[in-house]
Amino acid sequence: MIGFKVVNLDLLLQVKSEEQIRTILNDFESPLNPDIENFLKYKAVEFSKAAIAKTYLVMASYQGENKIAGYFSLSGSKSFVVKTKGNEISKNMKRRFNKFGTYDAVLKQYHIAAPLIGQLGKNYKYKELITGDELLTMAVDMLRHVQSLVGGKFIYLECENNEKLIGFYIRNGFKVFGERSLDIDEQDFVGHVLIQLLKYL
């Protein structure tokens, strides 16, 4: 997108010290979602080095300086389950699930592996620099490019059980298919479950 530069955190790690990088990351604020802020500041570097998830900083000019407008983190493959019981699944979607996943007839559920958008967040310190739609489009387009090289059509994400947040993803083409209980290390989230959403590209 015009006006933005997407920087892979891995590349920063090659040219800057971790102390310099943490100074850059500390300029990020997300008061409405502490998990988004905490991940970038305290987990993103380690996750990137361990190849658990790759973080991309979206930079934009603010008063003549490059600032973090937002960021997203991606993981190569995440396995998830889509239960047929209680879900209205069209014949067309069932064909897609059969093509890219496997069906367990006993448990009546599909097992699918797809890239995960693990984190997505605007920097509210400079919130006018980018919209949520623009940020999500960048993450989706990157995964679309990856899948054009290696195959696949589904992408996956989870979010808090928040009506406004869920509506944002649905408006951008994602579909709710389930929920899961929070893990013990996911205490920054509000509530007890995360909503699961997928998108077919």
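From a predicted model like this one, the values you see are computed outputs, not experimental measurements. Along the sequence shown, residues carry numbers from 1.
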Considering all heavy atoms, the nearest [X]-[Y] contact:
X      : Y      : result
Ala60  : Leu129 : CB-CD1, 4.2 Å
Ile166 : Cys159 : CG1-SG, 3.9 Å
Gly152 : Phe100 : CA-CE2, 3.8 Å
Ala69  : Ile130 : O-CG2, 3.4 Å
Ile112 : Gly101 : CG1-CA, 4.1 Å
Lys199 : Asn172 : NZ-O, 2.8 Å

Legend entry - By side-chain contact (heavy atoms from CB on, under 4.5 Å) - contacts of Thr84 (at least two apart):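 side-chain contact (heavy atoms from CB on, under 4.5 Å) list for Thr84, sorted by chain: Ile89, Tyr103, Lys108, Tyr110.
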
Inset, instruction - Identify, with sequence neighbours excluded, every residue that meets side-chain contact (heavy atoms from CB on, under 4.5 Å) alongside Lys127. - result: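 With neighbours one apart ignored, the set is Lys122, Tyr124.
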
Legend entry - Lys175 atom NZ, neighbour heavy-atom count above 12 within 6.0 Å: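 Incorrect, the count does not exceed 12.
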
Legend entry - Whether over 12 other heavy atoms sit under 6.0 Å from Glu128 CD: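 Count over threshold, so yes.
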
Legend entry - Any side-chain heavy-atom pair of Lys54 and Asp10 under 4.5 Å: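 In contact.
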
Legend entry - Heavy-atom side-chain proximity of Tyr71 to Leu135 below 4.5 angstrom: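 The answer is no, as the side chains (C-beta and beyond) never meet within the 4.5 Å cut-off.
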
For the side chain of [X] and the backbone of [Y], is there at least one donor-acceptor N/O pair under 3.5 Å apart?
X      : Y      : value
Lys153 : Leu201 : yes
Gln196 : Glu179 : yes
Lys78  : Pro115 : no
Ser148 : His145 : yes
Asn123 : Glu29  : yes

ILVMFWY cluster, [X] and [Y] together (side-chain gap under 4.5 Å):
X      : Y      : answer
Leu198 : Leu157 : no
Leu32  : Ile195 : no
Ile24  : Phe39  : yes
Met59  : Phe28  : yes
Val58  : Leu12  : no

Legend entry - Transitive ILVMFWY cluster of Val150, excluding itself - 4.5 Å side-chain cut-off: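 Besides Val150, the cluster holds Val146, Leu149.
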
Reported [atom1]-to-[atom2] distance for the pair [X] and [Y], which is rounded to 0.5 angstrom:
X      : Y      : atom1 : atom2 : value
Ser73  : Phe47  : OG    : CZ    : 9.0 Å
Met93  : Phe177 : CE    : CZ    : 10.5 Å
Gln109 : Thr102 : CD    : OG1   : 9.5 Å
Asp27  : Leu40  : CG    : CG    : 10.5 Å
Leu194 : Glu160 : CG    : CD    : 7.5 Å
Ser17  : Arg22  : OG    : CZ    : 10.0 Å

Inset, instruction - Return the orientation label for the Phe174 and Tyr169 ring planes: parallel under 30°, perpendicular over 60°, tilted otherwise. - result: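 Phe174 and Tyr169: perpendicular rings.
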
Inset, instruction - Quickly, which of Asn8, Leu11, Asn66, Leu25 forms a side-chain contact (heavy atoms from CB on, under 4.5 Å) with Leu57? Name it, please. - result: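 Among Asn8, Leu11, Asn66, Leu25, the one meeting side-chain contact (heavy atoms from CB on, under 4.5 Å) with Leu57 is Leu25.
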
Inset, instruction - Take Ile155 and Gln147 through the test side chain to side chain contact (heavy atoms under 4.5 Å, CB included) and record every step on the way to the result. - result: CA-CA 10 Å; Ile155 59 175; Gln147 289 185 327; 4.2 Å; yes

Legend entry - Salt-bridge criterion met for Lys49 and Glu18 (N-O under 4.0 Å):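 Yes, this pair counts.
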
Inset, instruction - Flag the pair Phe97 / Phe154 as yes when their ring centroid distance falls below 6.0 Å, and as no otherwise. - result: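 Centroid separation for Phe97 and Phe154: below 6.0 Å.
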
Inset, instruction - Decide side chain to side chain contact (heavy atoms under 4.5 Å, CB included) for Glu134 and Phe4; before the verdict, give the C-alpha distance in whole Å, the side-chain angles of both, and the deciding distance to 0.1 Å. - result: CA-CA 10 Å; Glu134 288 173 323; Phe4 300 108; 3.9 Å; yes

Legend entry - side chain to side chain contact (heavy atoms under 4.5 Å, CB included) evaluation trace for Lys125 with Ile68: CA-CA 9 Å; Lys125 195 170 180 179; Ile68 301 174; over 6 Å; no

Inset, instruction - Evaluate the side chain to side chain contact (heavy atoms under 4.5 Å, CB included) criterion for residues Phe72 and Met142: first the C-alpha distance (whole Å), next the side-chain angles of each, then the deciding distance (0.1 Å), finally the verdict. - result: CA-CA 10 Å; Phe72 54 89; Met142 186 168 289; 4.0 Å; yes

